[in-house]
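The structure displayed is predicted, hence computed values, not measured ones.
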Number of protein chains: 2
Amino acid sequence: MPRQRSYSRVTREALAMLGKLIRVGRAQRGLTAQELADRAGISRTTLSSIEKGAPGPEIGAVFEVCSLVGVRLFDYDERSLQMHHARLDEKLTLLPKSVRRTVKEVDDDF
Amino acid sequence: MPRQRSYSRVTREALAMLGKLIRVGRAQRGLTAQELADRAGISRTTLSSIEKGAPGPEIGAVFEVCSLVGVRLFDYDERSLQMHHARLDEKLTLLPKSVRRTVKEVDDDF
DNA sequence: TATATTTGTTCATTATATTGGGCGTGAGCG
DNA sequence: CGCTCACGCCCAATATAATGAACAAATATA
């Protein structure tokens, strides 16, 4: 069965931007594509895809590259990252563990 | 050649957090895993991997899911997203187009 | 300007993510 | 309390991403 996916405009734009952010970050640090790829443990070809904003690459590889060139996804520093983790866990325990379709009401408190 | 990758702690944490954010967002919207997966054009199995914070899934799929449950990676709204695009393009044209290893100097102005 | 190097691209092969189905469990609703 | 449905997990088959090599073209330095 073919996969045949389609991506929303927002997704495509976000991917393109992330790629550019990485590219800029790499340039600012004076890193060669090969160097950065090596450090991230991926091939230069894959890094190229990432910088082009392709939807295919593994998210783990992309995040790894991001951390290497100083692109932070959620603009949290590491400490607050921990905090948010705790918060989210809290939230998750409070939330219902399975979603019933009959439940129509949802309020966006965040 | 085996791939054999390793991910930094930051990457792993970011992935875990993103997964939790998605999970919370989905719950808040009262969406079934199957429903969300359908809308994102992926299988429930893959969505499960994403929510678990696995490094493997395609970044396109993850971003698609994010946009569906209201998790924004860069806290830019769509409009400023355009702006940032322009800025990045500008920056890219100014930056050298290939990186020379002999260039030792790098200044982090961002 | 000459030259070494970085980058962009393609391609066959290999590794791996995705899929869809099924099963058991537990949570939420009547 | 009982029943239904959402979820977590496993698996085989298949689609696809990752790799590494190779080549051309562009680009930065001497």
Side-chain angles (χ1 to χ4, degrees), chain A residues 1-7 15 19-20 22-65 69 92-106, chain B residues 1-7 15 19-20 22-65 69 92-106:
Chain A
M1 247 129 215
R3 205 189 285 175
Q4 183 69 316
R5 269 190 206 148
S6 75
Y7 301 93
L15 285 172
K20 284 177 187 172
I22 290 172
R23 162 67 75 122
V24 170
R26 177 169 72 82
Q28 287 184 330
R29 283 157 203 254
L31 284 172
T32 292
Q34 188 63 63
E35 287 175 338
L36 179 55
D38 289 342
R39 296 193 192 185
I42 63 178
S43 69
R44 191 169 68 89
T45 309
T46 300
L47 176 60
S48 172
S49 290
I50 294 175
E51 290 189 346
K52 265 193 292 188
E58 303 181 5
I59 192 173
V62 180
F63 276 27
E64 195 68 25
V65 170
V69 295
L92 275 174
T93 56
L94 294 183
L95 247 31
K97 296 176 182 172
S98 77
V99 176
R100 283 282 166 173
R101 268 208 281 128
T102 43
V103 175
K104 278 128 190 173
E105 215 38 66
V106 177
Chain B
M1 243 133 208
R3 206 188 283 176
Q4 184 67 318
R5 271 191 204 146
S6 74
Y7 301 93
L15 285 172
K20 285 177 187 173
I22 290 172
R23 160 68 74 123
V24 169
R26 176 169 71 82
Q28 287 184 330
R29 280 150 207 260
L31 284 172
T32 292
Q34 188 64 62
E35 287 175 337
L36 180 54
D38 289 342
R39 296 193 193 186
I42 63 178
S43 68
R44 191 169 68 92
T45 309
T46 300
L47 177 58
S48 170
S49 290
I50 295 176
E51 290 188 346
K52 265 192 293 185
E58 303 180 5
I59 191 172
V62 179
F63 275 29
E64 195 69 23
V65 170
V69 295
L92 275 174
T93 56
L94 294 182
L95 249 29
K97 295 175 183 170
S98 78
V99 176
R100 285 283 168 171
R101 266 207 282 126
T102 43
V103 175
K104 280 126 191 174
E105 215 39 63
V106 177

[X] side-chain proximity, nearest of [options]:
| X | options | result |
| --- | --- | --- |
| A:Ser98 | C:dA27, D:dT19, C:dT7 | C:dA27 |
| B:Lys97 | C:dT6, D:dT27, D:dT19 | D:dT27 |
| B:Thr45 | D:dC10, C:dT18, C:dT9 | D:dC10 |

Base, sugar-phosphate, or nothing for B:Ser48, non-hydrogen atoms under 4.0 angstrom?
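Nothing, no nucleic acid heavy atom in range.
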Considering every strand and a 4.0 Å limit on heavy-atom distances, what is the contact class for A:Gly41: base, sugar-phosphate, or nothing?
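Here A:Gly41 touches the backbone only, sparing every base.
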First locate atom NZ of A:Lys52, then atom CD1 of A:Ile22, and finally report the distance between them rounded to the nearest 0.5 Å.
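Here the rounded value is 14.0 Å.
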Approximate separation, where rounding is to 0.5 Å, of A:Ile50 CD1 and A:Arg23 CZ
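Going from CD1 on A:Ile50 over to CZ on A:Arg23, the span is 12.5 Å.
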Under 4.0 angstrom between A:Arg23 side-chain N/O and C:dG8 OP1 or OP2
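Answer is yes, contact under 4.0 Å.
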Between the base of C:dG30 and the side chain of A:Arg100, is there any donor-acceptor pair under 3.5 Å?
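Such a pair does not exist between side chain and base.
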Counting only distance, no hydrogens or angles, is the base of C:dG28 paired donor-acceptor with the side chain of A:Arg101 under 3.5 Å?
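By the distance-only test, no, there is no pair.
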Hey, which of these two, B:Ala61 or B:Arg44, hits DNA chain C nearer its 5' end, going by closest nucleotide?
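On the 5' side of the pair lies B:Ala61.
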Hey, mind stepping through A:Glu64 and B:Arg5 against salt bridge (Lys or Arg N to Asp or Glu O under 4.0 Å) and telling me if it holds?
CA-CA 11 Å; A:Glu64 195 68 25; B:Arg5 271 191 204 146; over 6 Å; no
